[in-house]
Amino acid sequence: MEGRIGKNSVPLHGSIDKSKILDVKPLKSLIPIFSMSSQTPPLGQYPSGFSPFFPFGAPQQTPTEVTPNGAATPIRAYRSTPWAGDTSSTMEGFSDQHTSGKKKRGSPKSRSAKLSLDKPKRSQEPPVDLGALVGISPAQKDDGSREMVNFVLMAFDALRRRLCQLEEAKELSLGSVKRADLKACSILMTRGIRTNMRKRVGSAPGVEIGDIFFFRTEMCVVGLHSPSMSGIDVLHIRGEFEEETLAVSIVSSGEYDDDAEDIDVITYTGHGGNFFKKDKHAIDQKLQRGNLALDRSSRELNEIRVIRGIRDAVNPNAKVYVYDGLYKIEDSWIGKAKGGGDVFKYKLARMSGQPSAYSVWKSVQKWKSGSSRTGLILADISNGAESIPVALFNEVDNVKAPIYFNYFHSLRHPKSFSLMQPSNGCTCTKACVPGDLNCACIRRNEGDFPYTGNGVLVNRMQLVHECGPTCQCFPNCKNRVSQTGLKHQMEVFKTKDRGWGLRSLDPIRAGTFICEYAGEVVDRAKVSELVREGNEYVFDTTRIYGQFKWNYEPRLLEEVNPNESSEDYAMPYPLVISAKSFGNVARFMNHSCSPNVFWQPVVYEENNQSYMHVAFFALRHIPPMTELTYDYGVSRSDHAEGISAAKGRKKCLCQSLKCCGFYG
DNA sequence: GCCAGCTCACCCAG
DNA sequence: CCTGGGTGAGCTGG
């Protein structure tokens with residue numbers, strides 16, 4: 001992922017074919033805003049003690065001069081927040097709560113207090129602009145960076161997950177939140193947690209080609225495409241004599257006949273008219289709004305961001321949006337809709353020299369439907385142990401296979417080795433119901449159901465308590481997420497320079513369970529011995545891991561306890577796993593200083609003993625064919641000697657901007 | 001200039 | 001499949 005930074009800016013705006021411009025005034029004044037690159041501003045200072053990898057530490061303010069000389073002034077580029085300014089009075093209260101240190105969360109009972117999600121009362125109590133508090137400067141709100149975009153997306157999804165959780169547990173007092181994505185968007189927008197607010201032609205800084213989104217509103221908060229529903233985003237420009245508009249981005253959801261003969265070409269239909277309604281007679285589209293902007297863009301030949309909407313193969317109800325980079329309009333004409341009305345048609349062609357994005361999806365689709373692929377070594381390294389085969393690929397060199405190991409899907413414990421005291425499972429009939437505090441498992445999770453209805457982890461916790469064989473609930477209970485095996489089509493592949501790696505052919509949504517770290521549980525005292533023997537497949541929960549913020553920002557909800565999502569855990573429960581002889585796909589996951597996967601301890605009962613497992617979850621949305629990586633952490637002894645001492649540690653090849661050079 | 005209220009839109013969940 | 005609650009943002013008139 002990091003390797004793509006900066007590559008999504010394309011040679012800009014070089015040649016306007018003046019002959020194509022009819023009676024339109026040239027928009028020469030636009031050029032300065034075209035030049036916004038996706039360069040990442042330098043990172044600032046981190047608090048002493050640790051260096052959180054972005055985006056989870058507070059983003060650093062990077063004031064940049066962004067006002068181009070003589071640039072056109074975008075007008076109404078965004079709606080101004082009615083409460084902008086004057087936040088000082090209420091900020092102190094939040095700061096106090098913020099700095100009050102970590103506390104244990106209240107009992108499940110005290111936490112069941114209802115939350116109020118009333119709309120902010122206008123002109124009475126303006127909501128605090130939290131942007132400044134979480135470290136978003138006004139400049140960053142206008143112009144994004146990779147860190148900023150990641151930060152805002154994380155904040156969005158964390159809040160959305162929490163709203164889902166509260167809704168499912170019916171802990172919301174006022175009305176229901178059937179659309180947590182809309183609610184999360186609304187809260188972030190009014191609280192100033194957003195970026196790329198300034199509309200622009202060309203790429204949105206920090207959004208990389210190939211980035212994926214699961215909601216339209218995610219693209220709103222990072223300024224990739226601001227309308228929450230409309231397919232065309234329009235920039236208003238004050239021209240020399242009158243206001244003009246340009247199309248800056250489109251969402252192509254594939255609803256119409258835009259399946260192209262060429263993968264890099266889209267035929268896009270303008271909006272308006274009601275040609276799609278059967279019961280009404282056809283109405284012609286009008287040359288207004290987005291259509292007018294597209295028309296102008298077809299003459300100006302400005303870059304247009306294109307987002308492809310794709311029906312998710314795993315979840316056919318949902319759509320995934322892929323940012324496919326910059327396109328230009330090559331042709332436009334008036335066509336006929338099915339209902340008979342006139343519609344505007346625009347042919348967009350992808351600009352050359354951009355990293356592949358949508359084409360990767362198309363390739364995956366082909367592979368899945370059986371077309372052959374080079375580099376296949378083995379169709380299923382799990383030998384049937386996983387319900388979805390795990391293929392082995394090498395397109396890089398002649399190495400035929402990793403060193404031999406036994407594929408095993410979970411943990412092997414030495415006899416009479418139990419980590420925790422046995423306890424009784426829940427007595428729920430059928431499935432455990434969020435909000436039901438009679439469920440022993442939910443009570444162990446401090447009253448929260450740890451997963452949303454579609455199996456996404458809501459918050460990182462010291463320990464997630466899942467239902468197990470001892471529980472009386474059905475095996476399909478939603479609180480057994482990490483026990484259900486692989487859900488994505490994974491493959492082990494040879495990387496260019498760091499041995500074998502793991503990736504998925506399917507997109508992975510943030511918070512989704514990926515796999516557990518399988519292997520043999522070994523005595524903690526033997527760790528150094530194993531490492532000395534050269535065992536590279538040791539997972540040790542007690543290593544020092546980079547801190548990061550994944551949970552929602554409590555100040556965005558008027559919570560009873562503002563510290564409840566604290567992610568600072570004193571010391572994780574000790575567990576050492578060796579995957580050298582026995583293991584699953586997790587043993588192939590490489591280290592990164594800026595990973596897209598994290599681990600979470602999960603506990604459930606087997607044979608009347610509680611066993612802890614290490615479960616991996618997606619840290620953010622992961623596009624198909626992206627290598628999966630997590631933070632290997634630092635051993636406590638190495639940490640004591642100082643991280644810079646590279647003795648016995650391996651050179652890190654993660655290529656992340658935040659790479660600390662070594663790991664292990 | 002401001003804002004409430006209306007309208008529009010390739011939404012998303014059920 | 002279809003329905004409809006819900007959202008940001010443009011537009012309009014007071």
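Hydrogens, waters and symmetry mates are skipped; everything else that's a heavy atom, side chains included, is used. Every chain is numbered from 1 and lettered A, B, ... according to where its sequence line falls, protein lines coming before strand lines.
The cationic atom of A:Arg161 (NZ for Lys, CZ for Arg) lies less than 6.0 Å from the six-membered ring centre of A:Trp550 and within 45° of the ring axis.
When distances run from any side-chain atom of A:His236 to the nucleotides C:dT7, B:dC10, C:dG10, the shortest one goes to C:dG10. Distance from the side chain of A:Ser226 is smallest for C:dA9 among the nucleotides B:dC10, C:dA9, C:dT7. For A:Ser230, whose side chain is taken as the heavy atoms from C-beta onward, the closest listed nucleotide among B:dC12, B:dA9, C:dT7 is B:dA9. For A:Arg194, taking side-chain heavy atoms from C-beta onward, the closest of the listed nucleotides C:dA9, B:dA9, B:dC12 is C:dA9. Listed candidates were C:dG6, B:dC10, C:dG8. Nearest to the side chain of A:Tyr268 is B:dC10.
For C:dG8, one of the phosphate oxygens OP1 or OP2 lies less than 4.0 angstrom from a side-chain nitrogen or oxygen of A:Ser186. Checking the phosphate oxygens (OP1, OP2) of B:dC10, no side-chain nitrogen or oxygen of A:Tyr346 falls inside 4.0 Å.
Residue-nucleotide stacking is not present for A:Phe214 and B:dC12, judged by a side-chain ring centre under 5.5 Å from the six-membered base ring centre and planes under 30° apart.
Counting atom types as modelled, A:Arg179 pairs a side-chain N or O with a base atom of B:dC11 as donor and acceptor under 3.5 Å.
Atom CD in A:Glu218 sits about 16 Å away from atom C1' in C:dG8, given to the nearest Å. Between A:Arg216 atom CZ and B:dC8 atom P there is a gap of 18 Å when expressed in whole angstrom units. Between the NE2 atom of A:His225 and the P atom of B:dA9 there is a distance of 13 Å, rounded to whole Å. Rounded to an integer number of Å, the gap from A:Asn291 CG to B:dC8 P is 14 Å. Atom CG in A:Asp233 sits about 9 Å away from atom P in C:dA9, given to the nearest Å. Spacing between atom NZ of A:Lys319 and atom P of B:dC10 amounts to 10 Å, rounded to whole angstrom units. With rounding to whole Å, A:Leu188 atom CG is found 13 Å from C:dT7 atom P. Whole-Å rounding puts the A:Lys199 NZ to C:dG8 C1' distance at 10 Å.
Comparing A:Tyr321 and A:Gly231 by the nucleotide of DNA chain B whose heavy atom lies nearest to each, the residue mapping closer to the 5' end is A:Gly231. With DNA chain B read from its 5' end, the first of the two nearest nucleotides for A:Ala318 and A:Arg289 is the one closest to A:Arg289.
With a cut-off of 3.5 Å on both pairing distances, the Watson-Crick or G-U wobble partner of C:dT12 is B:dA4. Figure legend. C:dG6 is base-paired to no nucleotide; pairs are counted as Watson-Crick or G-U wobble with both atom distances under 3.5 Å.
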### Message
Run the side-chain contact (heavy atoms from CB on, under 4.5 Å) test on A:Cys220 and A:His225 for me, step by step, so that the C-alpha distance in whole Å, both residues' side-chain angles and the decisive distance to 0.1 Å come before the verdict.
### Response
CA-CA 5 Å; A:Cys220 302; A:His225 186 85; over 6 Å; no
#### Entry: Criterion side-chain hydrogen bond (donor to acceptor under 3.5 Å, both in side chains) on A:Asp506 and A:Ser504, from CA distance to verdict
CA-CA 5 Å; A:Asp506 301 311; A:Ser504 164; 4.6 Å; no
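A distance below 6.0 Å separates the ring centres of A:His621 and A:Phe214. Residues A:Tyr346 and A:Tyr268 keep their aromatic ring centres 6.0 Å or farther apart.
Using a 4.0 Å cut-off between a side-chain N of Lys or Arg and a carboxylate O of Asp or Glu, A:Arg146 and A:Glu208 qualify as a salt bridge.
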